Trainee: 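I have a structure I would like to understand better, so I am pasting it below and will then ask my questions one at a time.
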Amino acid sequence: YLQSMPKAETIKLREKHIGAACQLFFRSSPLKIVRGIAQFMYDETGERYLDCINNVAHVGHCHPHVVEAGRNQMSLISTNNRYLHDEMVILAERLVKTMPEPLSVCFFVNSGSEANDLALRLARIHTKNKDVITLDHAYHGHLTSMIDVSPYKFNLPGGPEKPEWVHVAPVPDVYRGKYTYPKDAKTEEELGHLYADEVGVLCQKAEDNHGGVCAFIAESLQSCGGQVIPPHGYLKKTYEYVRQAGGVCIADEVQVGFGRVGTHMWAFETQDVIPDIVTMGKPMGNGHPVAAVITTPEIAKSFTDTGVEYFNTYGGNPVSCAIANAVLDVIEEERLMDRAMRVGSHLLSRCEGLKHRHRLVGDVRGRGLFVGVELVTDREARTPATAEAKHIINRMREEKILISRDGPDSNVLKFKPPMVFSTQDADRVVDTLDRVLAELDGTKAPASRLTLEVRVTPIGEDSTNTESIRSNVQQAVKAN
Ligand code: PMP
């Protein structure tokens, strides 16, 4: 009853009417997902998949509190922000409370792309400069304005040309980037400064060519570029260069915000910086399209002073705001940041364990529930294991676990699951990955550490206790 037509028909209609450029996972045998609950998704046959990819379903697929908030508000009113509404101002106040000063003015929009587009517009108006510095392999959205600053797209063979006002800085990737340990620097801070100096050079170039910098835009931890954790001190020094050159600093928190890193609500906080503009989206609505830009009163005033009104038909509508407020409720009430820290560090350390057993695992990195496992065919040369990564994704799908891969060489296994992910889920993923890696490198995987729920009758109450334990264990093993 959860589907309107058989899967084959859905595929046929999709092929006929949906642009083939739209990505479809597992294209030769796509999944038809009809239901989601917490960290699980179900296909039309009722098969259950563990979702390790969907950072949008932040507080878990179809969280009842979020669903109820949307349903209630939808039945009351959904209008635009030309009217007063409490949900909007409450949301603005709650978000601002999570930000350092002076970030205190919100604009609500509908997607991460829109948020970044508005951020760039604000930066242009405020600085009166045009040049933008972006990171290599970065992705900031699908709008034309965002493709301009997204090497992830314009670097592709068929991609558009990079505009001359866009400058690409190297990714601060300590494993595969331009500067690495221990070749180029002794400390992490030193490495961070080497990468920041690259931005300094681009600032100088922008000043020489066009009189100044408009903005530096970067994810606080680069997800699309392959789950990259910048070295300590990188953003701090980078922001200094950009500001000296008259530019503003935009932190794209679309993927990594809302507590995913566990220690902080926003990933930029891990680098001890305060951006001028922060953009957020994806997890904000747990699947409902809602996004935001938060900036300083000074930058917001420059926008107001143009006399050009800002209107966005759906941005800040009461339904979206009610949903975003409900997401914040759940993050707080279910202490999901603590969970991200606890489960994330368990996942990370278990992935580290894989590195010791499988030569294919070149690097393991992460923060909270943002983890990357980089696969290489040669550890010395760090040769990307692209085909192997593809094979693993497909094998994991057969095991009913959904993970993805990313990075310029598509060789980084990417984990960014809903924040309700459990240590048992992490164990299941790593045990399965262990097995799949063993198939590839011919090693023997250790027996899985299955977590079994076994009901045991206390000794004394049942004379066949040993037998009953054995039968319960057997049943639990079968069920798993
Ligand atoms: N910024 C980042 C870092 C993203 O990952 C994405 C989406 N993948 C966007 C911006 C664009 O967001 P949206 O797809 O909601 O427009």
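Numbering of ligands and ligand atoms starts at 1, following listing order. In what follows, every heavy atom counts, from backbone to side chain, and hydrogens, waters and symmetry copies are set aside. It should be emphasised that the depicted structure is a prediction, and the values quoted were computed from it without experimental measurement.
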Trainee: So Q255 and K416, side-chain contact (heavy atoms from CB on, under 4.5 Å) or not? Walk me through it.
Mentor: CA-CA 9 Å; Q255 289 230 21; K416 47 189 179 85; 3.5 Å; yes
Trainee: Under 4.0 Å from a heavy atom of S111: give me the atoms of ligand 1 that qualify, with their elements.
Mentor: 15 (O), 16 (O)
Trainee: Using a strict cut-off of 4.0 Å, indicate which atoms of ligand 1 neighbour a heavy atom of E219.
Mentor: 3 (C)
Trainee: Flag the pair R395 and E388 as a salt bridge only when some basic side-chain nitrogen lies within less than 4.0 angstrom of an acidic carboxylate oxygen.
Mentor: no
Trainee: Is it true that E374 and R365 make a salt bridge, defined as a side-chain N closer than 4.0 Å to a carboxylate O?
Mentor: yes
Trainee: If you compare all heavy atoms of V361 against all heavy atoms of L354, which two are closest, and at what distance to 0.1 Å?
Mentor: CG2-O, 4.2 Å
Trainee: I need the nearest protein heavy-atom contact for atom 8 (N) of ligand 1: residue, atom name and distance, please.
Mentor: K282 NZ, 3.0 Å
Trainee: Report, in ascending order of atom number, the atoms of ligand 1 lying under 4.0 Å from any heavy atom of G141.
Mentor: 11 (C)
Trainee: Which ligand 1 atoms does H142 reach within 4.0 Å, using its non-hydrogen atoms?
Mentor: 16 (O)
Trainee: Which protein heavy atom lies closest to atom 9 (C) of ligand 1, and at what distance to 0.1 Å?
Mentor: V254 CG1, 3.9 Å
Trainee: Using a strict cut-off of 4.0 Å, indicate which atoms of ligand 1 neighbour a heavy atom of N116.
Mentor: 1 (N), 10 (C)
Trainee: So if I count the atoms of ligand 1 from 1 in the order they appear, which ones are less than 4.0 Å from some heavy atom of G112?
Mentor: 11 (C), 12 (O), 13 (P), 15 (O), 16 (O)
Trainee: Answer yes or no: does an N/O atom from D252 fall short of 3.5 Å to an N/O atom of ligand 1?
Mentor: yes
Trainee: What are the atoms of ligand 1, with element, lying closer than 4.0 Å to any heavy atom of C224?
Mentor: 5 (O)
Trainee: Tell me the nearest of M280, Q255, H140 to atom 5 (O) of ligand 1, using heavy-atom distances.
Mentor: Q255
Trainee: Applying salt bridge (Lys or Arg N to Asp or Glu O under 4.0 Å) to K414 and D406, what does each step give before you reach the verdict?
Mentor: CA-CA 7 Å; K414 201 169 163 178; D406 212 324; 2.6 Å; yes
Trainee: If you count heavy atoms of other groups shown closer than 6.0 angstrom to OH of Y314, is the number above 12?
Mentor: no
Trainee: Using the six-membered ring wherever Trp is involved, compare the ring planes of F258 and W266 and label them parallel, tilted or perpendicular (cut-offs 30° and 60°).
Mentor: perpendicular
Trainee: Which residue and atom name correspond to the protein heavy atom nearest atom 16 (O) of ligand 1, and how close is it?
Mentor: S113 OG, 2.5 Å
Trainee: Looking at CD1 of I403 and CZ of R405, how far apart are the two atoms once the value is rounded to the nearest 0.5 Å?
Mentor: 10.5 Å
